Amino acid sequence: MLKSHLTIAVFTCAVLVLSSCNKTTYDAVYPTLSDGKYDSEFPYRNCSDQLEEIARSLVKIDVLVFYETYSYSRSSKVTIQQINLSGKAENLADGSDVQTESHGGTAIALEAGPGHLAYLTCAHIVNYPDTVIQYYPYPDDSYVQAIGIKARQQNRVSHSPAGGELQILAKDKRSDIAIMGKKLETSSNQTNNTFSYPIGNSEELDWGSFVYIMGYPLGHAMITRGIVSNPGRISKGSFLIDAVFNVGFSGGPVIAVRDGVPNFEMVGMVKSSAAVNKFYLIPENTDKPDELNMSEPYEGKLKIQSEKEIQYGITFSITTAALIDFYRKNKESIKRRGFDLDWFFEPTAN
């Protein structure tokens, strides 16, 4: 009987020792969770609920642009000056057609006052030129082959109860920032999910700061992670992340954690990835694949085709300072249209 009691006592002591060791290890592994800086460690606790909340505040932007296109024969030798003098592009055209361009990306939904929603995104997603001019190749490169004139542009939101088309409130091609807006129907009782976490400070990021990136790459709602590199670039309005980027991620938020979960802050917005142009020689008549005989050597005319190849793992993000500066420059015109975003971009002023 005595032996049994001794065994229990020894086991109890062992548990106490192990518990003490575990606590000591925990304190040693996470000694900086309250240092006021952005964390460089993977979150030590589950944060799926918070990430799901952020994901619900993101929407997929679909842009469709219609161009009235006028073509000119090589033999007519039409110049852009002649077209301008004629008054209208169709006056000297040999043919016309309607062509479409489409693009997609991510936007962050922000509450902008009663019955108003604003969407923060990248300008290149919605920025299409009014006129596109295509010239013949050398030696006839001074002659116009085709002109496209923008007839209409649709900016729509997918995966959002609000739905419908958006109006562009402000955009800047150089900084690659745009704010779009939508007024909701007064009779609508739908609940719209909006981003509720504060905007942070990109300048406080450091080598190895841990971040999440969320968006709609190739139209799919996804989340990935990365670490910040070369924060010295921040003075140029952008910073580098090693996250895997794909088409459609543009406009997605960069989320950092300050002193542990759930202290999330938006520290930037993804805009692009490094890419290289690759050129290929392809048959001239690729628009008629049935005429190509794959079993025989091709002896016809060739043309050059270029493609951009993404260099994965080098992702550029817009800093919060650039976002705030953009809003301040356009704040008055945005407010005149009924949208107020001071609570997000200038929280200290409220």
Side-chain angles (χ1 to χ4, degrees), residues 38 43 47-48 50-63 103-111 117-127 155-160 162 166 171-172 175-180 192-200 202 205 209-229 234 237-257 264-275 310-324 326-327 341 344-345:
Y38 289 119
C47 56
S48 295
Q50 290 82 11
L51 294 175
E52 184 180 355
E53 178 186 358
I54 296 173
R56 287 197 299 264
S57 70
L58 307 182
V59 297
K60 180 177 177 289
I61 295 286
D62 292 309
V63 180
H103 198 57
T106 304
I108 306 161
L110 301 171
E111 187 171 346
L117 285 178
Y119 297 89
L120 176 63
T121 189
C122 287
H124 72 259
I125 298 174
V126 298
N127 187 49
N155 308 306
R156 301 184 67 86
V157 171
S158 301
H159 308 294
S160 171
L166 307 176
K171 65 178 179 179
D172 183 80
S175 63
D176 201 8
I177 305 171
I179 294 178
M180 309 173 74
N192 295 285
N193 298 302
T194 55
F195 192 81
S196 59
Y197 289 90
I199 190 168
S202 303
L205 293 169
S209 293
F210 177 88
V211 294
Y212 287 106
I213 296 176
M214 306 176 77
Y216 283 90
L218 301 180
H220 303 286
M222 294 190 69
I223 180 172
T224 187
R225 64 188 183 185
I227 60 173
V228 175
S229 298
I234 288 178
S238 67
F239 59 96
L240 291 173
I241 304 172
D242 73 338
V244 177
F245 178 95
N246 216 318
V247 177
F249 251 134
S250 297
V254 181
I255 307 295
V257 185
F264 291 103
E265 295 180 12
M266 177 179 159
V267 293
M269 183 171 68
V270 181
K271 68 173 183 176
S272 63
S273 178
I310 296 176
Q311 303 297 289
Y312 295 100
I314 305 177
T315 299
F316 299 91
S317 298
I318 302 170
T319 64
T320 53
L323 294 171
I324 293 171
F326 170 81
Y327 176 69
L341 294 168
F344 180 71
F345 290 102

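Bear in mind the structure is a predicted one, so any value in this text is a computation, not a measurement.
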Inset, instruction - Output all residues satisfying salt bridge (Lys or Arg N to Asp or Glu O under 4.0 Å) with Glu265, sequence neighbours left out; order by chain, then residue number. - result: Arg258
Inset, instruction - Check whether any side-chain heavy atom of Ile241 sits under 4.5 Å from a side-chain heavy atom of Ile227, and report yes or no. - result: no
Inset, instruction - Start with the C-alpha gap between Asp242 and Thr315, add the side-chain angles, then the distance that decides, and say whether side-chain contact (heavy atoms from CB on, under 4.5 Å) holds. - result: CA-CA 6 Å; Asp242 73 338; Thr315 299; over 6 Å; no
Inset, instruction - Find out whether Phe245 and Thr224 are in side-chain contact, i.e. whether some heavy atom of one side chain is under 4.5 Å from a heavy atom of the other. - result: no
Legend entry - From Leu205 atom CG to Ser229 atom OG, the distance as rounded to the nearest 0.5 Å: 11.0 Å
Inset, instruction - For Glu111 and Leu117, work out which heavy atoms get closest and say how close. - result: CA-CD2, 4.4 Å
Legend entry - Heavy-atom closest pair, residues Asn246 and Pro217: CB-CB, 4.0 Å
Legend entry - Verdict with supporting geometry, Ile61 and Tyr216, side-chain contact (heavy atoms from CB on, under 4.5 Å): CA-CA 9 Å; Ile61 295 286; Tyr216 283 90; over 6 Å; no
Inset, instruction - Hey, can you tell me if Phe345 and Tyr327 have their rings parallel, tilted or perpendicular (30° and 60° cut-offs)? - result: parallel
Inset, instruction - Just do the side-chain contact (heavy atoms from CB on, under 4.5 Å) check on Met266 and Phe344 with the steps written out, would you? - result: CA-CA 10 Å; Met266 177 179 159; Phe344 180 71; 3.8 Å; yes
Legend entry - Nearest heavy-atom neighbours spanning Ile108 and Pro253: CD1-CB, 3.8 Å
Legend entry - Distance, nearest 0.5 Å, that separates CD1 of Ile223 from CE of Met214: 4.0 Å
Legend entry - Minimum-distance pair of heavy atoms, taken over all atoms of Val126 and Ala178: CG2-CB, 4.1 Å
Legend entry - Test item: Asp176 side-chain N/O and His124 main-chain N/O as donor-acceptor pair under 3.5 Å: yes
Inset, instruction - Output yes when a side-chain donor or acceptor of Asp62 lies under 3.5 Å from a complementary backbone atom of Arg156, and no otherwise. - result: no
Legend entry - Over all atoms of both residues, closest heavy-atom pair of Ala118 and Ile179: CB-CG2, 4.3 Å
Inset, instruction - Keeping the roles fixed (side chain from Ser250, backbone from Lys271), state whether a donor-acceptor pair exists under 3.5 Å. - result: yes
Inset, instruction - Any chance you could measure Phe316, atom CZ, to Met269, atom CE, to the nearest 0.5 Å? - result: 15.5 Å
Legend entry - Main-chain N/O of Thr106 paired with Thr121 side-chain donor or acceptor, under 3.5 Å: yes
Inset, instruction - To the nearest 0.5 angstrom, please state how far the OG atom of Ser317 sits from the CZ atom of Phe239. - result: 4.5 Å
Inset, instruction - Measure the spacing between CD1 of Ile125 and CE of Met180 and express it to the nearest 0.5 Å. - result: 9.0 Å
Legend entry - Audit row: Val157, Tyr119, side-chain contact (heavy atoms from CB on, under 4.5 Å) steps and yes/no: CA-CA 10 Å; Val157 171; Tyr119 297 89; 4.2 Å; yes
Inset, instruction - Assign the ring pair Phe210 / Tyr212 to parallel, tilted or perpendicular, where the plane angle (0 to 90°) is split at 30° and 60°. - result: perpendicular
Inset, instruction - Drop me the distance from Ile54's CD1 to Cys47's SG, to the nearest 0.5 angstrom. - result: 8.5 Å
Inset, instruction - Might you point out which heavy atoms bring Asn193 and Ala109 nearest each other, and give the distance in Å? - result: O-CB, 3.7 Å
Inset, instruction - Could you please spell out the steps behind the side chain to side chain donor-acceptor pair (under 3.5 Å) verdict for Ser202 and Thr320? - result: CA-CA 6 Å; Ser202 303; Thr320 53; 3.3 Å; yes
